[in-house]
Amino acid sequence: MKLSRNFYRPLALGAPAPIRETPVRVERMIHFVPPHIEKMRAKLPELVRSVDVVLGNLEDAIPADDKLAARQGFIHMARNTDFGAAGLWTRINALNSPWALDDIVEIVAAVGDRLDVIMLPKVEGPWDIHYIDQLLAQLEARHRLSRPIQVHAILETAEGVMNVEAIAGASPRLHGMSLGPADLAASRGMKTTRVGGGHPDYVVLADGSAGTERHRFQQDLWHYTIGRMVDACLAHGLKPFYGPFGDFSDPQACESQFRNAFLQGCLGAWSLHPTQIEIAKRVFSPDPQEVAFARRILDAMPDGSGAVMIDGKMQDDATWKQAKVIVDLARLIAARDEKFKLLYDL
Ligand code: GLV
Ligand code: MG
């Protein structure tokens, strides 16, 4: 195991010092763009004003024959777009693919100074993070980058879920993690054909006697994995995200899946379709009524200790901390998004 005193040392001579705290940024949605399609790149100047993060996707959904064009398209969009307040990420191909090495080497050489985060798919264990960590440090030194490029892991294999805590603690370069429900379902042998969301047959049947109508309660297939991911991330100071929701014809189910993840601790989700941008904004910005109530708790307990009653509900040091999570997030979003600044009255 690495000595603790070496954990924050640069991994290559001349590489920038690792980040100690994940930068505080609003990242309610990571919006996926296929960079090889010129028509999509042309929409970027408008898109960047409405999203928190733009991600150029090089991995799944990009046909094998278009992989090189996607990489070049990403370099082109990174060079020629003013991203303003939006973050710039890319999802590279998996480390065991024929494209990953050149994805990393070419992109860091060309636009490493503009790139915030590399999303790494199919992370199986801490060894994957150690590999990219070392390689990025060498490239950062070679190209004289002044700030480290962060890495965001996709949790989408059975082995990755088994090792989630070790992955989360593998490097100070980690930004966070996203659930990848499609690959994870396949890797685990789940019997679904959906990209995230529920399944009508994953239910609990209420008690009742034969012949009477029994209530069926659909359960959340992803609850267990999100719970493990959130604990691993928060324990290590990383940011957890729900990933993709593939049924664009069902915005209600998308909203509900995003909201479950938000309530469980996630800070954002992927948007694969323009309609999901607004859903993510609505869900991952705390509810204005909840923010107003949380502010009353903070106001009632200025030093964060003791016990008070508000509207018949007991408040103490622990609810003060809960309220602070919500108000801190609301303040962050208010500083980034005028609409929510007004809604929160902040
Ligand atoms: C995302 O990459 C997924 O597999 O769900
Ligand atoms: Mg995947």
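All ligand and atom numbering here is 1-based and tracks the order in the structure. Sequence positions, counted from 1, serve as the residue numbers for this chain.
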| Roughly how far, to the nearest 0.5 Å, is NZ of K43 from CD of E46? |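 If I round to the nearest 0.5 Å, the distance is 9.0 Å.
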
| message | Nearest 0.5 angstrom please: Q150 CD to K239 NZ, how far? | response |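 Those atoms lie 9.0 Å apart.
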
| message | Under 2.8 Å from the Mg ion (ligand 2), can any N, O or S atom of D60 be found? | response |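 No, outside the cut-off.
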
| message | With a cut-off of 2.8 Å, does D183 put an N/O/S atom close enough to the Mg ion (ligand 2)? | response |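 A backbone or side-chain N, O or S atom of D183 is under 2.8 Å from the Mg ion (ligand 2).
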
| field | Joint cluster assignment, W127 & L95, ILVMFWY side-chain distance < 4.5 Å | value |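 In one cluster: no.
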
Checking the N or O distance criterion of under 3.5 Å, is ligand 1 in contact with [X]?
X    : result
P181 : yes
W270 : no
A182 : yes

| field | Side-chain heavy atoms of V54 within contact of W89, under 4.5 Å | value |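 V54 does not reach W89 side chain to side chain.
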
| message | So L263 and R259, do their side chains get closer than 4.5 Å, heavy atoms only? | response |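 The answer is yes; the side chains approach within 4.5 Å.
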
| request: Considering only NZ, NE, NH1 and NH2 on the basic side and carboxylate oxygens on the acidic side, decide whether R296 and D311 come within less than 4.0 Å. | output: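 The answer is yes: the pair qualifies as a salt bridge.
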
| said: Is the distance from the ring center of H31 to that of W270 below 6.0 Å? | reply: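 Between W270 and H31, which both carry aromatic rings, the centre distance is not below 6.0 Å.
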
| Does ligand 1 have a heavy atom under 4.0 Å from the side chain of F32, from its backbone, from both, or from neither? |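 Neither; no heavy atom under 4.0 Å.
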
| query | Does some non-hydrogen atom of P244 fall short of 4.0 Å from ligand 1? | reply |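 Under 4.0 Å: yes for P244.
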
| message | Less than 4.0 Å is my threshold; does some heavy atom of R91 fall inside it relative to ligand 1? | response |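 In this structure, R91 qualifies as a contact of ligand 1 - some heavy atom is under 4.0 Å.
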
| Taking just the N, O or S atoms of E156, which one is nearest to the Mg ion (ligand 2)? |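 Nearest N/O/S atom: OE1.
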
| Short list, please: which atoms of ligand 1 are under 4.0 Å from a heavy atom of D183? |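 Near D183, meaning under 4.0 Å from one of its heavy atoms, ligand 1 has 3 (C), 4 (O), 5 (O).
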
| query | What are the atoms of ligand 1, with element, lying closer than 4.0 Å to any heavy atom of G180? | reply |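 Here the atoms of ligand 1 in question are 1 (C), 3 (C), 4 (O), 5 (O).
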
| Does R20 count as lying over the ring of Y8, i.e. NZ or CZ under 6.0 Å from the six-ring centre, within 45 degrees of the axis? |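 Yes.
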
